[in-house]
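Structure, as structure tokens:
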Amino acid sequence: MPIVPHRTQSTDSGCGKTKHVLLLEDDEMLKNVIKEYLEGNFYQVSAVSNGAEGVRAVLKQEFDVIVCDMMMPKLPGDMFYTAIERMRPHLCRRFIFITGHRGNPKINDFIKQVRGTMLAKPFRMDDLIEAIAFVQVKSSGR
């Protein structure tokens, strides 16, 4: 069943530039749902299944927002963040972490330590759009 996008706001920055999102999610169905929803809301999305693929994507191009699952095979979200912090530190303010492990103390401590934005699964897609807008404002105000 196709997702009907909810277009509550324009995602361009006034200059018509499409925002590019890197999505890291190992659940194939959820990854496709998020990707389709964001694309329906005028975002360009590069979707990968783990942190190792995410590192390769970041080395190839720039992203306006990174939506990162915390629990992934090969390279989990915290280790992916650490790798990005070393390679492209300016991207660290652009992260939105997503997790189904809301009560996990290790994840909660990490999110606090990096002052990250987090959405707990399951989340509403409108909440993701709001989090993206928040991160864009946060990352532009150095």
Side-chain angles (χ1 to χ4, degrees), residues 2-3 5-142:
I3 299 203
H6 177 73
R7 293 182 172 100
T8 57
Q9 59 181 317
S10 171
T11 57
D12 72 32
S13 60
C15 58
K17 180 181 176 270
T18 300
K19 298 297 182 187
H20 197 176
V21 176
L22 174 60
L23 170 62
L24 296 94
E25 172 57 63
D26 63 316
D27 179 310
E28 206 62 33
M29 185 180 296
L30 180 57
K31 179 173 65 176
N32 290 334
V33 166
I34 294 171
K35 182 178 190 299
E36 191 173 319
Y37 182 83
L38 290 176
E39 287 173 343
N41 277 277
F42 311 107
Y43 290 92
Q44 180 182 350
V45 181
S46 295
V48 299
S49 298
N50 61 62
E53 292 174 14
V55 167
R56 285 192 288 276
V58 166
L59 288 173
K60 288 181 187 171
Q61 60 190 3
E62 187 72 15
F63 293 95
D64 298 299
V65 177
I66 298 172
V67 179
C68 180
D69 188 13
M70 287 299 296
M71 305 295 273
M72 297 179 290
K74 296 186 183 174
L75 194 64
D78 57 344
M79 293 176 71
F80 171 72
Y81 179 91
T82 301
I84 298 309
E85 189 174 41
R86 290 187 180 126
M87 298 178 335
R88 305 268 199 274
H90 68 283
L91 294 178
C92 289
R93 298 177 80 174
R94 300 178 186 182
F95 272 75
I96 297 168
F97 297 99
I98 57 177
T99 185
H101 302 272
R102 171 183 269 167
N104 183 315
K106 182 181 176 196
I107 290 174
N108 291 342
D109 289 346
F110 170 77
I111 298 295
K112 266 188 215 161
Q113 176 191 345
V114 301
R115 295 185 179 137
T117 301
M118 185 184 84
L119 289 176
K121 296 177 189 174
F123 52 83
R124 292 177 42 239
M125 291 299 175
D126 287 350
D127 292 338
L128 178 58
I129 295 292
E130 286 179 26
I132 289 172
F134 172 75
V135 166
Q136 289 179 287
V137 168
K138 182 172 95 172
S139 68
S140 67
R142 298 185 179 208

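None of these values were measured; they are calculated from a predicted model.
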query = With a 4.5 Å limit on heavy-atom distance, are the side chains of V48 and K31 in contact?
reply = no

task = Answer yes if the ring centres of F80 and F95 are under 6.0 angstrom apart, and no otherwise.
result = yes

query = Closest approach of Y81 and C92, non-hydrogen atoms and distance?
reply = OH-CB, 3.3 Å

task = Answer whether the closest heavy-atom distance between the side chains of Y37 and I129 falls below 4.5 Å.
result = yes

request  = Determine the minimum heavy-atom distance between T117 and A131, stating which atoms define it.
outcome  = CG2-CB, 4.3 Å

inquiry  = Restricting to non-hydrogen atoms, name the atom on G77 and the atom on M72 that form the minimum distance, rounded to 0.1 Å.
reply    = N-CE, 3.9 Å

key: Minimum heavy-atom distance I34-L128, with the two atoms named   = CG2-CD2, 3.7 Å

query = Given side chains that start at C-beta, do those of M70 and H101 come closer than 4.5 Å, heavy atoms only?
reply = no

note = Only one of V114, V67, D69 passes side-chain contact (heavy atoms from CB on, under 4.5 Å) with F97, and that residue is V114

query = Between R124 and E130, does at least one N-O distance fall below 4.0 Å, as a salt bridge requires?
reply = no

query = Are more than 12 heavy atoms from other residues, nucleotides or ligands located less than 6.0 Å from atom CE of M79?
reply = no

query = Is there side-chain contact between I132 and L38, with at least one heavy-atom pair below 4.5 Å?
reply = yes

ask   = Checking R94 side chain against S139 main chain: does a donor-acceptor pair fall under 3.5 Å?
value = no

query = Roughly how far, to the nearest 0.5 Å, is CD of Q44 from NZ of K35?
reply = 9.0 Å

remark   = One should read off an interatomic distance between I111 CD1 and N104 CG, to the nearest 0.5 angstrom, of 10.0 Å

message = Before you tell me yes or no, could you show the steps for E28 and S49 under side-chain contact (heavy atoms from CB on, under 4.5 Å), namely the whole-Å CA-CA distance, both residues' side-chain angles and the distance that decides it to 0.1 Å?
response = CA-CA 8 Å; E28 206 62 33; S49 298; 3.7 Å; yes

key: Rounded distance [0.5 Å steps], CD1 in I107 versus CG in D78   = 8.0 Å

ask   = side-chain contact (heavy atoms from CB on, under 4.5 Å) with D27: which residues, sequence neighbours excluded?
value = E25, M29, L30

query = Any side-chain heavy atom of K19 within less than 4.5 Å of one from V65?
reply = no

note = Heavy-atom nearest pair, L22 first then A57, reads CD1-CB, 3.9 Å

task = Mind checking the NZ-OG1 spacing from K121 to T99? Nearest 0.5 Å is all I need.
result = 6.5 Å

key: Audit row: M125, N41, side-chain contact (heavy atoms from CB on, under 4.5 Å) steps and yes/no   = CA-CA 11 Å; M125 291 299 175; N41 277 277; over 6 Å; no

key: Note: D26-K74 ion pair, threshold 4.0 Å (strictly below)   = no

request  = Step by step, work out the side-chain contact (heavy atoms from CB on, under 4.5 Å) result for N50 and L75.
outcome  = CA-CA 6 Å; N50 61 62; L75 194 64; 5.6 Å; no

From CG (L24) to CD1 (I96), nearest 0.5 Å = 12.0 Å

task = Mind checking the CD1-CG spacing from I84 to L91? Nearest 0.5 Å is all I need.
result = 6.5 Å

query = Do R93 and V135 have side-chain heavy atoms sitting under 4.5 Å apart?
reply = no

query = Mind checking whether H90 and E62 have side chains closer than 4.5 Å, heavy atoms only?
reply = yes

key: Beyond-backbone contact of K60 with S46, side-chain heavy atoms, under 4.5 angstrom   = no

